[in-house]
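Reckoned from all heavy atoms, side chains included, excluding hydrogens, waters and symmetry mates.
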Amino acid sequence: MPELHVGERHWSVAAGSNLLDALNQAGVAVPYSCRAGSCHACLVRCQGDLQDNQPDALSLAQRQDGWRLACQCQVMGDLQIEAFDPLRDGLPATVQSIDWLTPNVLRLRLQPERGLRYRAGQHLVLWAGSIARPYSLASLPQDDPFLEFHIDCRLPGEFSDAARQFKPGDSLRLGELRGGALQYDPDWQSRPLWLLASGTGLGPLWGVLREALRQDHQGAIRVIHLAHDADGHYLAEPLAQLAAAHPNVTVELWTAAGSTDALAQLRLVSRQTLALLCGHPASVEAFSKRLFLAGLPRNQLLADVFLPRG
């Protein structure tokens, strides 16, 4: 049977075991969120015999340095493993401010120890002690002197529960910066752009929207935000301000109760429309299906989903 070695510990596991499960079952606390190779919270450095089921999830430089996503690896032989250490491998950051935008949505602004190059729509793994969770950036690098995240605290979760206790000056660590599917391409400038979000999926699209306007997007921009109820439209006021300042921007605020009827009324004005979707998997799927039925080509839809833990 293959042996896993972590520091001075070593133990045997069955060949073909999932590496993340083998580590956590033995008490090696490797965090995870999605188990789909998307969040990158379960980074570990490995030497030995394993099968990587998603080799393209990491950059060539990361792979050459031995990093793997534990959730995507099967143990095939002996392995030497080093877990990601946020104190050693993470970028220090300080809580600049923390505000409740609604009773369930927390806005977290961080000041990293050094500048971070990113684009609207990307996301980072945030570490609070040993708790890790990926969050999309809602800030815009050219305009905001901080990193902003919108945290959904409606349901309990290890990181969101910890975030409730954050105070300005507290220290966090930042893990890997991820690209994600959402972005703004300057070549889109004259095309209709639809931004459809559910819940805090609005966060990264808020950044994409401001990036489009910063680049003087000329086509119509339609923003749709789906929330559980009217109180869930946590950016209603700043969205209304942007719409008032930019005649090509329209904003629609949907609630769960009326979403079925609203979806049924979606019609494409142009086959050149581009759609960016973000939020809960069920909402993204519902948006996608309706857009495809309305005639949107599949290569004109970009989507990121906020996968529930586990």
Is it true that a side-chain atom of T102 and a backbone atom of Y234 form a donor plus acceptor pair closer than 3.5 Å?
no
Euclidean distance, I151 CD1 relative to R164 CZ, rounded to 0.5 Å:
10.5 Å
Taking the side chain as everything from C-beta on, heavy atoms only, tell me whether W206 gets closer than 4.5 Å to P238.
yes
Can you tell me if D261 uses its side chain to pair, donor with acceptor, with the backbone of G258 under 3.5 Å?
no
So CG of D152 and CG of L202: to nearest 0.5 Å the spacing works out to 12.0 Å
If Ile, Leu, Val, Met, Phe, Trp and Tyr residues are connected whenever their side-chain heavy atoms lie under 4.5 Å apart, and connections chain through other members, are L213 and L196 in the same group?
no
Under 3.5 Å, side chain of D161 to main-chain N/O of P156, donor-acceptor pair present?
no
Before you tell me yes or no, could you show the steps for L108 and L106 under side-chain contact (heavy atoms from CB on, under 4.5 Å), namely the whole-Å CA-CA distance, both residues' side-chain angles and the distance that decides it to 0.1 Å?
CA-CA 6 Å; L108 174 64; L106 195 62; 5.5 Å; no
Distance (rounded to the nearest 0.5 Å) between W11 CH2 and R9 CZ:
5.0 Å
L205 vs L276, side-chain contact (heavy atoms from CB on, under 4.5 Å): CA-CA, chis, key distance, verdict:
CA-CA 8 Å; L205 293 182; L276 275 61; 3.9 Å; yes
Checking side-chain polar atoms at under 3.5 Å, does Y118 have a donor or acceptor matched by the opposite partner on S139?
yes
More than 12 heavy atoms of other residues, nucleotides or ligands under 6.0 Å from CZ of R88: is that the case?
yes
Reported CG-to-CD distance for the pair N53 and Q72, which is rounded to 0.5 angstrom:
6.5 Å
D144 and salt bridge (Lys or Arg N to Asp or Glu O under 4.0 Å): which partner among R214, R109, R210?
R210
Whether over 12 other heavy atoms sit under 6.0 Å from R267 CZ
yes
Please work out which of the three classes, parallel, tilted or perpendicular, describes the rings of F84 and W67, given edges at 30° and 60°.
tilted
With heavy-atom distances below 4.5 Å as the criterion, would you say the side chains of D304 and P204 are in contact?
no
Any side-chain to backbone donor/acceptor pair from D229 onto T255? Under 3.5 Å, distance only.
no
Locate the shortest heavy-atom distance separating D216 from Q189; write the atom from each residue and the value.
O-NE2, 3.2 Å
Backbone N/O of E3 and side chain of D78: donor-acceptor pair under 3.5 Å:
yes
Can any side-chain N or O of N104 pair as donor or acceptor with the backbone N or O of G232 at less than 3.5 Å?
no
Check against side-chain contact (heavy atoms from CB on, under 4.5 Å), R35 and N18:
CA-CA 11 Å; R35 297 187 67 99; N18 176 270; 3.8 Å; yes
In short, V251 meets A243 closest at the heavy-atom pair CG2-CB, 4.1 Å
Q300 side chain to P297 main-chain N or O, any donor-acceptor pair under 3.5 Å?
no
Check whether any side-chain heavy atom of Y135 lies under 4.5 Å from a side-chain heavy atom of L124, and answer yes or no.
no
How close do R68 and C73 get, counting heavy atoms only, and between which atoms?
CB-SG, 3.8 Å
Going from CD on Q111 to CZ on F146, what distance comes out if it is rounded to the nearest 0.5 angstrom?
9.5 Å
So, for V95 and L172, which heavy atoms are closest and what is the spacing to 0.1 Å?
CG2-CD1, 3.5 Å
Starting from L209, can I reach V284 by hopping between I/L/V/M/F/W/Y residues whose side chains sit under 4.5 Å apart?
no
So, H225 side chain and S198 main chain: donor-acceptor pair closer than 3.5 Å or not?
no
Kindly indicate whether the side chain of N24, heavy atoms from C-beta on, has any atom under 4.5 Å from the side chain of L20.
yes
Taking C-beta and beyond as the side chain, do L293 and L266 meet within less than 4.5 Å on heavy atoms?
no
Exam field: side chain R173 to backbone L87, donor-acceptor pair closer than 3.5 Å
yes
Could you point out which residue of H217, Q218, E211 forms a side chain to side chain donor-acceptor pair (under 3.5 Å) with Q215?
E211
Verify side-chain contact (heavy atoms from CB on, under 4.5 Å) between L43 and D89, making sure each step is shown before the conclusion.
CA-CA 11 Å; L43 271 175; D89 304 314; over 6 Å; no
Side-chain touch P55/R63, heavy atoms, less than 4.5 angstrom:
yes
Minimum heavy-atom distance C46-I81, with the two atoms named:
SG-CG1, 4.4 Å
Which heavy atom of A256 sits nearest to which heavy atom of L226, and what is that distance?
N-CD1, 3.8 Å
Are any of the side-chain heavy atoms of L301 and F292 separated by less than 4.5 Å?
yes
Please check if L147 and F159 belong to a single hydrophobic cluster, counting links between Ile, Leu, Val, Met, Phe, Trp and Tyr side chain heavy atoms closer than 4.5 Å.
yes
Are any non-hydrogen side-chain atoms of V30 and L19 less than 4.5 angstrom apart?
no
Answer with yes or no whether the side chains of Q80 and Q47 bring together a donor and an acceptor at under 3.5 Å.
no
Starting from L140, can I reach L242 by hopping between I/L/V/M/F/W/Y residues whose side chains sit under 4.5 Å apart?
no
Under 4.0 Å between a side-chain nitrogen and a carboxylate oxygen: does that hold for R191 and D185?
no
Is there a chain of hydrophobic side chains (I, L, V, M, F, W, Y, each step under 4.5 Å between heavy atoms) that links L291 to V208?
no
Side chains of E148 and H150: donor-acceptor distance under 3.5 Å anywhere?
yes
